[in-house]
Protein chains: 2
Amino acid sequence: MTLKGRRETVLKIIVQDYIIGAVPVASRAIVDKHGLEVSPATIRNDIACLEEEGYITHPHHSAGSVPTDRAYRYYVELIGENIELPSGEQYLIYHLLQETREEIEQWLKLAAAWLARVVCNVAVITSPGTTRSRFKHLDLVALQDFVALLVLVLYGAKVKQQVVAFDRRITQDELTQLANKLTSIYAGMASSEILANKVELSPEEKQVSHCLVKMIAAEDKLEYGKPYLDGLHLMLSQPEFANNPKALNILEMLEEGSWLGNISCRGLNKGEIKIIIGEENPEPPLQDLSLIISPYGIPDKASGIVGVLGPKRMDYAKAISSLNYLSLLLSNSVAEYI
Amino acid sequence: MTLKGRRETVLKIIVQDYIIGAVPVASRAIVDKHGLEVSPATIRNDIACLEEEGYITHPHHSAGSVPTDRAYRYYVELIGENIELPSGEQYLIYHLLQETREEIEQWLKLAAAWLARVVCNVAVITSPGTTRSRFKHLDLVALQDFVALLVLVLYGAKVKQQVVAFDRRITQDELTQLANKLTSIYAGMASSEILANKVELSPEEKQVSHCLVKMIAAEDKLEYGKPYLDGLHLMLSQPEFANNPKALNILEMLEEGSWLGNISCRGLNKGEIKIIIGEENPEPPLQDLSLIISPYGIPDKASGIVGVLGPKRMDYAKAISSLNYLSLLLSNSVAEYI
DNA sequence: ACTTAGCACTCTCCCCCTTCGATTGCTAAC
DNA sequence: GTTAGCAATCGAAGGGGGAGAGTGCTAAGT
């Protein structure tokens, strides 16, 4: 399945030129701009072969070459995953994150904003959810006589809140006591374990406990939560979306929020990268796009996904190197605080 | 400045037809579809007057009538603010909110989703921020030996979190004690008051207190926070955005998040509505759009904004009635839990 | 003073045609 | 395996031209 010699070079040039220019690549342009020592006719022979093997198409008979999904796939295998981000850019994002290191949400927003601008496409980052959320701490704050705010802290520094209405008047002292009791009983448990726990509880404790189970289970369910998105306008200003009604489908899907749930990250280790090109995507609106994702954080404890979404014609090298570095940074940050 | 008799009717018809159809309205269509007992020529005379007075333009010489900003303004004054939402739709959203009433964030997302779909445009809802955030409760959860998660609850059921690193090892018991102490000292205070408070504190307490002030002040600063947006794809599927590069500017502005800060809600009481049409908007990207906003919640304690953003050619009656009702619902919900 | 019919005029939209330029695919020669 | 040459193909851009929609104006009617 590997091409050799000039064939491979030609394919690489076509992909790269198309990524930059977004217009079909002519055989003459291939030799001229890259100093090949053969004539355009020779290149055309090569291209004919590449077309037969499914790497190239032409939008119409007398147009230049356009890479197929297969060509992009070949290209990304060729350039590999070990691309380093220029140290200047490493420096920039590193210090950006240093300055807001106290707040997870801030990191993620900032990281998404940076990533989107670097790759000129959509950046996707999910918060570092524990794959199975585990209870860490509980707090109850009186709001009114019968009503309290339940603040739940999960491992992975995730905070959830919910209002609880009790059947009787209940003081802040009682609430605090209740919260402390449940915190010590349930420390480190997942929702199923809390449910299975057979300690004797008062009606109010039962009620709170019930809430907890529901909240933790809900957190488990939306495996990755709603991701931080940034750079929509950057992606949609790419030429493929000019006058293109498909852009709306994509927008709709992204706004809906759960699309990332269908993309499996299984079997992917920290530092690895998954590249999904065009029709390899399960979701139809994504089949004109490429998605590159990489997990970060601590497997099974607090891990999230960071990714780039853009037209198939995206700068894969840049995206891969940015993701590599960002995923590393985020992993380190997460490790410090779990 | 008020028009009379048929003039007003004609203007109203033009606005309404243009809102529905998005195409210039012809004089013949005005008499035919609305059963007027005059000839198109008569209507044309009226239109000529309306044009002189600045209510109407024509995209070109032989095209039908298109309302100006001034016409929209006249129209919304005409229909007034007291439009009731059909009871069927009231029922729907009422019960939707009932079911998730325990979680503020859930309400707001749900409300935004509903609103966007009803008006087929962008829905904007800010969380009910207290105009000056006040301290309610503090909690500290040990993450590592030197590191704790600070969970801050503000009035208005707002929860903020931040990681704090201490200079010495500190146990969960100590943290709990510390949190309780500060909670009782600072109850109900605004950031400035906490800062001015002269109680003797240990170094750790000082550090946490310092964090608190910073967090509360930060909350005050972004007056409305980042709003919940929904329905972007609905708005952008309107005909005015087909093949229109302006859509990207709007997208960019909305993604940025702080645009709503420039729109003043001052002098607006609960239940009132502010309608900003086209060039009345301060932000250039908004000058092709109309924005309708209404405050909700409890003035000076916990209030937010709910609004609709769409092309000037939007269904004002629907938007106004939806906002009226939604703002009422949200106000009630907020009142219950503050 | 208001309304109307009639008509010329204007402008867009759509379709067809042509031209131009770019680029390929093929063939035959090297 | 490579090249030159050449016909064939296709899209983009531009130029009519006709159809249709709608107005503005004028002069007559109420």
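Order of the sequence lines sets the chain letters (A, B, ...), proteins ahead of strands, with each chain counted from 1.
Within the 4.0 Å cut-off from OP1 or OP2 of D:dT3, at least one side-chain nitrogen or oxygen of A:Ser39 is found. For the OP1/OP2 pair of C:dC2 and a distance below 4.0 Å, the side-chain nitrogens and oxygens of B:Arg6 include no atom meeting the criterion. Residue B:Ser27 places at least one side-chain N or O under 4.0 Å from the OP1 or OP2 atom of D:dT23.
Rounded to whole Å, atom P of C:dC2 lies 10 Å from atom CG of B:Asp46. Distance, B:Glu37 CD to C:dT4 C1': 15 Å, rounded to whole Å. Per the geometry, CZ belonging to B:Arg7 stands 9 Å off P belonging to C:dT3, to the nearest Å. Between the NE2 atom of B:His58 and the C1' atom of C:dT10 there is a distance of 13 Å, given to the nearest Å. Rounded to whole Å, atom P of C:dT24 lies 10 Å from atom NE2 of A:His60. The distance between atom CD1 of A:Ile47 and atom P of D:dT2, rounded to the nearest whole Å, is 14 Å. Remark: C1' of D:dT3 and CG of A:Leu36 are 15 Å apart, rounded to the nearest angstrom. Here the P atom of nucleotide C:dT23 and the CD1 atom of A:Ile30 are 11 Å apart, to the nearest Å.
Using a 4.5 Å heavy-atom threshold, the side chains of A:Ile305 and A:Thr126 count as touching.
Side chain to side chain, A:Tyr74 and A:Glu8 meet the donor-acceptor criterion of an N or O pair below 3.5 Å. Using modelled atom types and a 3.5 Å distance limit, the side chains of A:Tyr18 and A:Ser65 yield no donor-acceptor pair.
Comparing C:dC11, C:dT4, C:dG25 by their nearest atom to the side chain of A:Arg44 picks out C:dG25. For B:Ala26, whose side chain is taken as the heavy atoms from C-beta onward, the closest listed nucleotide among C:dG25, C:dT10, D:dG22 is D:dG22. When distances are taken from the side chain of B:Val38 to each of C:dT4, D:dG24, D:dT2, the shortest belongs to C:dT4. You'll find that the side chain of A:Thr42 is closest to D:dT2, out of C:dT4, C:dC26, D:dT2.
Residue A:Ser62 places a side-chain atom within donor-acceptor reach of the base of D:dT9, judged by atom type and a 3.5 Å distance cut-off alone.
Between B:Ala41 and A:Ala48, the residue anchored closer to the 5' end of DNA chain C is B:Ala41, taking for each the nucleotide with the nearest heavy atom.
Using a 4.0 Å cut-off between charged side-chain N and carboxylate O, B:Glu280 and B:Arg73 make a salt bridge.
Here the CE-CH2 distance, from B:Met253 to B:Trp259, works out to 5.5 Å after rounding to the nearest 0.5 Å.
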